[in-house]
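As the structure is a computational prediction, the values presented were derived from the model and not from experiment.
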Amino acid sequence: MKRLLLITLIWIISLTANAQPKKYHAAFKEDFSNSSLQNFRYGSTGTKADFKWKSGVPAPSEPATKVLLFQLDPAEAAGAGKGPEIISKDFTHFGTYSARLKIPDVRQTQPNVGAVVGYFTYHVDSIPGLSEIDFEWLLADPEIIYVGTWTGPTDSLVRVGRTINLAEGTIYNTIHRVTHSGASTPLSGRQNQPERIAALADYDASARFYTYGFDWYPDRIRWWMLHPTTGDKIVLWDYQGSSLGIPQNASHYRMNFWHTDNWSVETNPQSLEKPRNRYPLEVDWMSYEPMKK
């Protein structure tokens, strides 16, 4: 009888917790000019090394700018979330997200390093599962950008994604698949726009700061970046025409930097090495503007 009462009590507490209203962020732009975070919290699950993150420090490549500085711990195990990561304190949802950042240049020191920079939203709900929208860069080739989403329950995750070499103006793929190991199916029509992208001369995500962003709507996601000299918006992928892979649930806004030992960059299958150095990631600012209702 006591066991039954205990189970019932746990069930009621669980329901009550899930019923609590979510707290949402209003519009903000965090410029990381202070040592403390305003709209984010630090959320690494890995080692506790102090050097892994600092806010309000001069950018190594742009000393007049104060940044959020992430550094890898060479002693860190592989895995997303183990490296430095910030997570929004409250939820975000449909709207416009943007950030100005510069990834590390490793080509002279460790060209085969396995390391990922992630700029993204991410949250797992008990019933609908994962809601994720991402930009990712693998340090081994800073000319390549990965964009896409993950949605659904853990055992049947849906990926829609696009891989671009922006320096060459090459779209390697625009695909849909189920689970990380599932077969990829090319997307077409409105799910594959634009079908071509002009090369951005000298694009190198490790050579300078660039501004990246995405617009998240209930029926559309558009990934973009700003041209470094003209300020014009370059649309990397305007995904619409289907509800497949478009998250509908609120999420948390994030930035992370981590070691991967099982995901090599498109152009270098050897890029899985454990980082030998700290490799600084510089983030100037991150902003969020909720969709107007």
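- Residues that satisfy the ring pair (Phe, Tyr, Trp, His ring centres under 6.0 Å) test with W150, not counting sequence neighbours, are H180.
- In this structure, P247 and I133 have side chains that are in contact, with non-hydrogen atoms separated by less than 4.5 Å.
- Taking each heavy atom of S88 and D90 in turn, the nearest pair found is OG-O, 2.7 Å.
- Aromatic pair Y122/H252: ring centres not closer than 6.0 Å.
- In summary, of the residues considered (T92, T121, D215), a side-chain hydrogen bond (donor to acceptor under 3.5 Å, both in side chains) with Y97 occurs for T92 alone.
- Inter-residue side-chain proximity for I175 and R177 is flagged as met; some heavy-atom pair is nearer than 4.5 Å.
- By the rule that hydrophobic residues join a cluster once side-chain heavy atoms approach within less than 4.5 Å of another member, Y217 and W237 end up as members of one cluster.
- Looking at P84 and Y42, their side chains come closer than 4.5 Å, going by heavy atoms from C-beta outward.
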Output a table of donor-acceptor pairs, distance under 3.5 Å, between side-chain atoms of residues 64-71 and any protein atom two or more places apart or on a different chain; print 'none' if there are none.
| from | atom 1 | to | atom 2 | distance (Å) |
| --- | --- | --- | --- | --- |
| T65 | OG1 | E62 | OE2 | 2.6 |
| Q71 | NE2 | F51 | O | 3.2 |

**Asked** Going through the checks in order, is the ring-ring contact (aromatic ring centres under 6.0 Å, His included) test met by F91 and H25?
**Response** CA-CA 6 Å; F91 282 91; H25 276 290; 9.4 Å; no
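- Checking S131 against N249 by side-chain atom types alone, no donor-acceptor pair falls below 3.5 Å.
- When all heavy atoms of F209 and A59 are compared, the pair lying nearest together is CZ-CB, 4.3 Å.
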**Asked** Run the side chain to side chain contact (heavy atoms under 4.5 Å, CB included) check on I234 and W224 step by step: do they pass?
**Response** CA-CA 5 Å; I234 301 169; W224 49 269; over 6 Å; no
**Prompt:** Step by step, would you call S98 with W285 a side chain to side chain contact (heavy atoms under 4.5 Å, CB included)?
**Reply:** CA-CA 8 Å; S98 56; W285 52 261; 3.4 Å; yes
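- Grouping the Ile, Leu, Val, Met, Phe, Trp and Tyr side chains by contacts below 4.5 angstrom, directly or via other members, places L101 with I145.
- Contact annotation: the side chain of E85 approaches that of R254 to within less than 4.5 Å [non-hydrogen atoms, C-beta and beyond].
- Connection of Y119 to W216 is established within a shared hydrophobic cluster, with ILVMFWY side chains joined at heavy-atom distances below 4.5 Å, either directly or through further cluster members.
- Listed by chain and number, the hydrophobic cluster partners of I87 come to none, as no ILVMFWY side chain reaches under 4.5 Å of it.
- Taking CG of D219 as the start and OG of S243 as the end, the distance is 9.5 Å to the nearest 0.5 Å.
- Between E273 and R276 a salt bridge is recorded (basic side-chain N to carboxylate O distance below 4.0 Å).
- The number of heavy-atom neighbours closer than 6.0 Å to NZ of K274, taken from other residues, nucleotides and ligands shown, is above 12.
- Remark: side-chain polar atoms of S44 are paired, donor with acceptor, to backbone N or O of K82 under 3.5 angstrom.
- For S61, the side-chain hydrogen bond (donor to acceptor under 3.5 Å, both in side chains) partners two or more places apart in sequence, or in a different chain, are E282.
- Annotation for P104 and L281: closest pair CG-N, 3.9 Å, computed over non-hydrogen atoms.
- In this structure, the side chain of T109 engages the main chain of V106 through a donor-acceptor pair within 3.5 Å.
- Within the model, atoms OG1 of T151 and CZ of R159 stand 10.0 Å from one another, a figure rounded to the nearest 0.5 Å.
- With rounding to the nearest 0.5 Å, the separation of CD1 in I103 from CG in L139 is 5.0 Å.
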**Request:** Show your working on side chain to side chain contact (heavy atoms under 4.5 Å, CB included) between M286 and M255 and close with a plain yes or no.
**Result:** CA-CA 9 Å; M286 292 170 64; M255 180 80 68; 3.8 Å; yes
Going by atom type alone, with no hydrogens or angles, which donor-acceptor pairs under 3.5 Å involve a side-chain atom of residues 26-38 and a protein atom two or more places apart or on another chain?
| from | atom 1 | to | atom 2 | distance (Å) |
| --- | --- | --- | --- | --- |
| E30 | OE1 | N39 | N | 2.7 |
| E30 | OE1 | N39 | ND2 | 2.9 |
| E30 | OE2 | Q38 | N | 2.7 |
| D31 | OD1 | S33 | N | 3.1 |
| D31 | OD1 | S33 | OG | 2.9 |
| S36 | OG | Q38 | NE2 | 3.4 |
| Q38 | NE2 | S36 | O | 3.3 |

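- Annotation for I246 and P218: closest pair CG2-O, 3.5 Å, computed over non-hydrogen atoms.
- Residues F257 and A115 approach most closely at CE1-CB, 4.3 Å, considering heavy atoms.
- For V265 against A140, the heavy-atom pair with the smallest separation is CG1-CB, 3.9 Å.
- Residues L244 and I221 fall within the same hydrophobic cluster, defined by Ile, Leu, Val, Met, Phe, Trp and Tyr side chains chained together at heavy-atom separations under 4.5 Å.
- Neither side chain, T163 nor E266, offers a donor N or O lying under 3.5 Å from an acceptor on the other.
- When the side chains of ILVMFWY residues are joined at heavy-atom separations under 4.5 Å, either directly or via intervening members, L187 and W223 end up in a single hydrophobic cluster.
- In this model, a donor atom of one side chain and an acceptor atom of the other lie less than 3.5 Å apart for N262 and T260.
- Among residue pairs with one or both ends in residues 185-199, none qualify as salt bridge (charged side-chain N to carboxylate O under 4.0 Å, His left out); sequence neighbours excluded.
- Defined by atom type and a distance below 3.5 Å, a donor-acceptor pair is present between the side-chain atoms of N277 and Y279.
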**Request:** Begin with the C-alpha distance, continue with both residues' side-chain angles, and end with the deciding distance and a verdict on ring-ring contact (aromatic ring centres under 6.0 Å, His included) for Y203 and Y210.
**Result:** CA-CA 9 Å; Y203 173 74; Y210 290 91; 4.9 Å; yes
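- Defined by atom type and a distance below 3.5 Å, a donor-acceptor pair is present between the side-chain atoms of N268 and N112.
- To the nearest 0.5 angstrom, Y146 atom OH is 14.5 Å from L236 atom CG.
- For E168 (side chain) and A199 (main-chain N/O), no donor-acceptor pair under 3.5 Å exists by modelled atom type.
- Taking CE from M291 and NE2 from H93, the interatomic distance works out to 8.0 Å, rounded to the nearest 0.5 Å.
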**Request:** Determine, step by step, whether V116 and W263 satisfy the side chain to side chain contact (heavy atoms under 4.5 Å, CB included) criterion, reporting the C-alpha distance in whole Å, the side-chain angles of both residues, the deciding distance to 0.1 Å, and the verdict.
**Result:** CA-CA 9 Å; V116 184; W263 179 20; 4.0 Å; yes
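- A distance-only check finds no donor-acceptor pair linking the side chain of H259 to the backbone of L72 [under 3.5 Å].
- Exactly one of L200, I171, I144 qualifies for a side chain to side chain contact (heavy atoms under 4.5 Å, CB included) with L166. That residue is L200.
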**Message:** Applying ring-ring contact (aromatic ring centres under 6.0 Å, His included) to F135 and Y212, what does each step give before you reach the verdict?
**Reply:** CA-CA 9 Å; F135 264 93; Y212 306 91; 5.6 Å; yes
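- Taking NE2 from H176 and CG from N192, the interatomic distance works out to 14.5 Å, rounded to the nearest 0.5 Å.
- In this structure, a donor-acceptor pair under 3.5 Å is present between the side chains of Q191 and Y239.
- Remark: D105 engages R107 in a salt bridge, criterion side-chain N to carboxylate O under 4.0 Å.
- Between K22 and D125 a salt bridge is recorded (basic side-chain N to carboxylate O distance below 4.0 Å).
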